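Not measured: the values here are computed from a predicted model. Remember, it's 1-based here, ligands and their atoms both numbered in the order they're listed. Numbers for residues simply follow the sequence, beginning at 1.
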Amino acid sequence: MGISVLVVGGGGREHALAWKISQSPLVSKVYAAPGNPGIAKHAECVRLAADDVKALRDFVVANGIDLTVVGPEAPLVAGLADLLSEEGRLVCGPGRAAAQLEGSKVFMKSILRKYGIPTAGFEVFDDYDEAEQHVLTRKLPVVIKADGLAAGKGVAVAQTYEEAVTFLKEVMERRAFGAAGDRVVVEECLAGEEASYIVFTDGHKVVPLPSSQDHKRVGDDDQGPNTGGMGAYSPAPVVTPEVEGRVIREIFEPLLSGLRAEGITYRGILYAGLMIENGAPRVLEFNVRFGDPEAQPLFLRLSSDLVPLLLQCAQGKITDAKMEIDPRPAVCVVMASGGYPGRYSKGHPIEGIEEAERLEGVVVFHAGTSVDRGMLVNSGGRVLGVTAIGDTLDRAIDRAYIAVDRINWEGVYYRSDIGKKALLKGRR
Ligand code: AMP
Ligand code: GLY
C-alpha cells in the first residue's frame, strides 16, 4: 500500500502537481481540494475551498491523509501547515511565521536588509502623507507595494508621480486590498531580466529545480497589466551556472540561516522572483510555494519522482536529494478568457483538448475550467496551460502553439510570444 496525498488548490499548478504525484509508485491515492475537471483525471476532488484551513485539517484527520501538498499561498499564510503539524500530519509547506515571506512584504524586505541579501533599496510607511511625500522625492519609475497579499495586484511600477500617487491612494486611502494596505513598501526600480528560481528546502539544505521564467504581462512584448502569469518556460538562459551559484550563496543560504536565527525553520518550497543584471541576482519577491505557471513546464522536465522530495521537506530532513531533469526545454502557454485580468465571460464550451494532447510531448493542464451540463466550459481567467517539451526551445514553442491551435472556445485569448525572449537570447 502506498501513501495518500492531498493536493490543496484547483489551478494549473495543482493540476501539474496532481498529474506528477499520481505517477509516483509511492502513492496509492490522491485527493484534491477543490481540484478541477483536469485534476479529476488523477485525483478524487473534494468540495473544500483551498483557504478553508479548518475544514481542510478536519478532512486530513478524518481520512488519515499521509501527506498534504499546498499549492497556493493563502492557506499557508493562514496557518494550514501549523494546524496539520499539530495533528501530527505531514505537510509540504511552511508554517504561518515562515509564510510571512510572501504574506508580508515588510517582513520579507526587513529580513533581506538585516541579513545583507541583495534586493532593491526601500522604505516602509504606515501613514499616507508621509508615503506620498517620500514618493515625490524618488527617482522615476518608482515601485510601490502593498504589504499584504493582494492576489498579484498589490504592486505598481509607476512611470509618473501621478500614477504613483493614484496607486498609493488606492492602497492606503481607498483600501483596495483591505488590511493588506495598512503599510506600503516604496522601493527603487531595478533594471535587468526577471527569472524564477524555485527550491525544495528543509530549512538547511537547498535542492534547486531548474530555472524558469514567467510572462507576467497580459499582452505580447510585455504590454498591458500584470496577470497571474500568461506563460512560462524552463530553463531561463539568463540564469547561467554562475548566476545559479550566486543565487544559492548570496540569497538562499543567508536567508535560511537568517530565518533560523529568527527562530524560523523553513520547510517546503521556496520561490525567489529575481531581477538579474550583469550576472548579479537581486530579490524582487519570495513566494512560499511553486509558481503558476512555472510548475507546469518544470514538472514536465522532472523525469524522476517528485514525491520523495515533497515527503522529505515535510519531514524536515532532506537526506536524498536525487532529481533527474530532462535536459530538453519546456514551455507552457496559458490560454485565458478574453478580457482577463479584467472582466471576462464564462460558460463557453471548450473544444480540442484531446486533439491537442495527441501531439507528442504535450500535456494540457486545466486551471479555470468546469463542467456544465456535461460540457467542459471556461470558468476562470486563466483556463488552460498548454505545456510542451521539445529537443530545442524552438521546437517546444512550436509544439505548444500547434497544440494551442487545436483548442478553441468563444473569446479565447493567449499571448503569441511565449519563450521569444529566451530564443532571442540564445541567438545573440
Ligand atoms: P512582486 O509581486 O513584488 O514580484 O512584483 C510584481 C512585479 O512587479 C515583478 O514581477 C516585477 O515585474 C515588478 N517589480 C516588482 N518590484 C520591482 C522592482 N523593485 N524593480 C522593478 N520591477 C519590479
Ligand atoms: N507565476 C508567478 C507566481 O506564481 O507567483
**Request:** State, yes or no, whether a side-chain contact exists between Tyr271 and Glu102 at a heavy-atom distance under 4.5 Å.
**Result:** no
**Message:** Between Arg183 and Asp147 (salt bridge meaning N to carboxylate O under 4.0 Å), is one present in this structure?
**Reply:** yes
**Request:** With the side chain counted from C-beta on, respond yes when Ile144 and Val171 share a heavy-atom pair under 4.5 Å apart, and no when they do not.
**Result:** no
**Message:** Do Cys45 and Ile39 make a side-chain contact, defined as non-hydrogen atoms from C-beta onward lying under 4.5 Å apart?
**Reply:** yes
**Request:** Go through Trp19 and Phe365 one step at a time and tell me if the ring-ring contact (aromatic ring centres under 6.0 Å, His included) criterion holds.
**Result:** CA-CA 9 Å; Trp19 171 79; Phe365 294 113; 5.4 Å; yes
**Request:** Step by step, work out the salt bridge (Lys or Arg N to Asp or Glu O under 4.0 Å) result for Glu285 and Lys145.
**Result:** CA-CA 11 Å; Glu285 64 168 340; Lys145 301 183 175 182; over 6 Å; no
**Asked** Without hydrogens or angle criteria, can the side chains of Asp66 and Ser4 be said to hold a donor-acceptor pair below 3.5 Å?
**Response** yes
**Mutual orientation of the aromatic rings belonging to His215 and Tyr233 [parallel < 30°, tilted 30-60°, perpendicular > 60°]** = perpendicular
**Request:** Enumerate the protein residues lying less than 4.0 Å from ligand 2, judged by heavy-atom distances, in chain and residue-number order.
**Result:** Asp214, Gly228, Tyr271, Asn287, Arg289, Gly291, Asp292, Pro293, Glu294
**Asked** Near ligand 1, which protein residues have a heavy atom under 4.0 Å away?
**Response** Lys105, Ala120, Val143, Lys145, Val155, Val157, Glu187, Glu188, Cys189, Leu190, Glu194, Lys216, Met275, Leu284, Glu285
**Arg301 versus Ser234, side-chain donor and acceptor atoms under 3.5 Å** = yes
